[in-house]
Undergrad: 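The structure that follows is given in the form of structure tokens.
Every chain is numbered from 1 and lettered A, B, ... according to where its sequence line falls, protein lines coming before strand lines.
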Number of protein chains: 2
Amino acid sequence: MNDGDRGSGRAARPKRADARRNEETLLDAAASIFVRSGVEAPIRDIAAEAGVGTATIYRHFPTRADLIIAVYRHQVEACAEAGPALLASSATPYAALGRWINLFVDFLATKHGLAAVLQSDNTGFETLHAYFLDRLVPVCARLLDAAAGSGEIRSDLEAYELMRGIGNLCIGAEHDPRYDARRLVALVIAGLRLP
Amino acid sequence: MNDGDRGSGRAARPKRADARRNEETLLDAAASIFVRSGVEAPIRDIAAEAGVGTATIYRHFPTRADLIIAVYRHQVEACAEAGPALLASSATPYAALGRWINLFVDFLATKHGLAAVLQSDNTGFETLHAYFLDRLVPVCARLLDAAAGSGEIRSDLEAYELMRGIGNLCIGAEHDPRYDARRLVALVIAGLRLP
DNA sequence: GAGTAAGCGGAACGTTGTCCCGTTTGACGA
DNA sequence: TCGTCAAACGGGACAACGTTCCGCTTACTC
């Protein structure tokens, strides 16, 4: 946001053109490498794909988390915005919740290794945790509250816990035909239901 | 098994005493380090704890998976053997299933990082996957079959898929007071129940 | 007690993340 | 148009780690 200049006081000179260009190139390269080799691909590979030095990546994205966030920001935003929309357009809050969780699973399951990174307690991914949580937990909480309010589900589960559980279930779902994360997630959602 | 000599033809000379001693020492050291730093602790740390060179570890346990298996074998066996016992002693197969899953979660949740490693699609952990799966999936399948047979749960979920899901849910459960794997697992088990 | 191969320790090598530093280059004022 | 300078750059340097190799040590056998 605030493309090009900062909002604070004396305009600190805007980014140089080559820097802006490099950032674009890097995002494209990272997206491409993430698809090919997962979000834990070596920094050097991404740098090579972009045709820049490794330091350039660190300059634009101090941590891997920052890069991942930048690459997937659009999709996360879309997912967050889908929450209220689904709530408005679905027959019941429970139905909305189910659909929204599916959206979330779609997102995670197609991102090679993202789910795993999202759960890792590795220091250095706090930014990533914080971003996902800040953005999506409130959305999930609203859906959960609505469904609890309408008496469809139990009300003793925190959105945070549910989202972490869903995230966990999506780990390693890409490469194992015998494991379908969606089926397990559906089980959790079913278990949420009140008799 | 077959402590000391091999069963095949000409007795290939038994292991040297110092080698056997080192293996013991290594298992103790690894167990201790696993508790302190998780199952992905640097090989060097384990070697240092045991007071041996790194090559000694590789000689006894060619891959990290082999070491992990050796360290936890007893507990896995106990878990496997608990399956039939619970089935015999519980009121219903469904109750037995629930208790057995709890045992499994207890095991995983206390082993710093084991759950994560168990799911990783990293080459080199096939042995670990194979061991856990070979040993525990059949046990789980029997419990699942029994509960399905008694009409308590749906019958369209493979034991393999359930176990992977449970394993996934246990990832990162140690260090986050806001995330209780057991609660999510209970939700899955509840979702399994037939109306 | 001597011979021998199993076993050992630690140095060496490859890979990866991260940081540093000398060089290049875009932006701006003259 | 051109000179100046800080932003930005590239790639080499360093550290941590997994893994392998090799010369030395030592437990067993006779």
Side-chain angles (χ1 to χ4, degrees), chain A residues 3-6 10-27 29-30 33-34 36-68 113 116-117 120 122-128, chain B residues 3-6 10-27 29-30 33-34 36-68 113 116-117 120 122-128:
Chain A
D3 223 342
D5 73 343
R6 330 273 207 294
R10 214 75 228 80
R13 195 182 293 181
K15 264 215 265 227
R16 262 167 55 167
D18 57 343
R20 239 175 305 132
R21 224 177 312 126
N22 264 330
E23 194 162 321
E24 277 299 306
T25 314
L26 272 174
L27 283 176
I33 293 283
F34 284 174
R36 196 182 320 149
S37 320
V39 294
E40 306 229 70
I43 293 286
R44 284 188 235 277
D45 289 1
I46 302 172
E49 172 86 11
V52 305
T54 53
T56 301
I57 296 194
Y58 283 99
R59 208 167 295 114
H60 286 281
F61 308 99
T63 73
R64 183 181 294 271
D66 296 317
L67 181 55
I68 297 175
V117 154
S120 120
N122 188 323
T123 358
F125 284 121
E126 294 96 354
T127 327
L128 192 61
Chain B
D3 223 345
D5 74 342
R6 329 274 208 292
R10 217 72 227 81
R13 193 183 298 181
K15 263 215 264 216
R16 262 168 54 168
D18 56 345
R20 239 175 305 132
R21 226 178 310 125
N22 264 329
E23 195 162 319
E24 278 300 307
T25 313
L26 271 174
L27 283 177
I33 293 283
F34 284 175
R36 197 182 320 150
S37 320
V39 294
E40 306 230 70
I43 293 287
R44 283 186 237 273
D45 289 2
I46 302 172
E49 172 86 11
V52 304
T54 53
T56 301
I57 297 195
Y58 283 98
R59 209 167 295 115
H60 287 280
F61 308 99
T63 73
R64 183 181 294 271
D66 295 316
L67 181 55
I68 297 176
V117 153
S120 120
N122 189 323
T123 358
F125 285 121
E126 296 94 354
T127 328
L128 192 60

Undergrad: Taking the minimum atom-to-atom distance to the side chain of B:Thr54, which one of D:dT20, D:dG18, C:dG26 wins?
TA: D:dT20
Undergrad: Does A:Ala19 offer a backbone N or O that forms a donor-acceptor pair with the side chain of A:Arg59 under 3.5 Å?
TA: no
Undergrad: Can you see if the side chain of B:Asn22 gets near the phosphate of C:dC8 - specifically, an N or O under 4.0 Å from OP1 or OP2?
TA: yes
Undergrad: Output the rounded distance in Å from CG (A:Asp66) to P (C:dT18).
TA: 11 Å
Undergrad: Check whether any side-chain N or O of A:His60 sits under 4.0 Å from OP1 or OP2 of D:dA8, and answer yes or no.
TA: no
Undergrad: Does C:dG9 have its OP1 or OP2 closer than 4.0 Å to a side-chain nitrogen or oxygen of B:Thr56?
TA: yes
Undergrad: Would you find a donor on one side and an acceptor on the other, under 3.5 Å apart, between the side chain of B:Arg64 and the backbone of B:Gly124?
TA: no
Undergrad: Let's go through A:Asn22 and A:Thr25 carefully: what are the C-alpha distance in whole Å and the side-chain angles of both, what is the deciding distance for side chain to side chain donor-acceptor pair (under 3.5 Å) to 0.1 Å, and is it a yes or a no?
TA: CA-CA 5 Å; A:Asn22 264 330; A:Thr25 314; 4.7 Å; no
Undergrad: Does A:Phe61 reach the side chain of A:Ile43, with side-chain heavy atoms less than 4.5 Å apart?
TA: no
Undergrad: Let me know the distance between CD1 of A:Ile57 and P of C:dG17, rounded to the nearest Å.
TA: 10 Å
Undergrad: Counting heavy atoms from C-beta on, name the nucleotide in C:dG7, D:dA8, D:dC28 closest to the side chain of B:Lys15.
TA: C:dG7
Undergrad: Base, sugar-phosphate or nothing for A:Gly51? Non-hydrogen atoms, less than 4.0 Å.
TA: sugar-phosphate
Undergrad: Can you measure A:Arg64 atom CZ to C:dG17 atom C1' for me and round it to whole angstrom units?
TA: 8 Å
Undergrad: In whole angstrom, give the distance that lies between atom CZ of B:Phe61 and atom P of C:dG7.
TA: 13 Å
Undergrad: Can you tell me how far P of C:dG17 sits from CG of A:Asn122, to the nearest Å?
TA: 12 Å
Undergrad: Going by modelled atom types, is there a donor-acceptor pair between the base of C:dG9 and the side chain of B:Arg59 at under 3.5 Å?
TA: yes
Undergrad: About how many Å separate CD of A:Glu23 and CG of A:Leu67, when rounded to the nearest 0.5 Å?
TA: 10.0 Å
Undergrad: Between P on C:dA11 and OH on B:Tyr58, what's the gap in Å once rounded to a whole number?
TA: 16 Å
Undergrad: For A:Arg16 and D:dA6, is the shortest distance between a side-chain N/O and OP1 or OP2 below 4.0 Å?
TA: no
Undergrad: Closer to the 5' end of DNA chain D via nearest nucleotide, is it B:Asp18 or B:Thr63?
TA: B:Thr63
Undergrad: Looking across every strand, which nucleic acid part, if any, lies under 4.0 Å from A:Ala55 by heavy atom: base, sugar-phosphate, or nothing?
TA: base
Undergrad: Hey, is the side chain of A:Arg44 poking within less than 4.0 Å of OP1 or OP2 on C:dG17, counting only N and O atoms?
TA: no
Undergrad: Send over the distance from A:Glu40 CD to C:dG17 C1', rounded to a whole Å.
TA: 12 Å
Undergrad: A:Ile33 has an atom CD1; how far is it from atom P of C:dG17, in whole Å?
TA: 12 Å
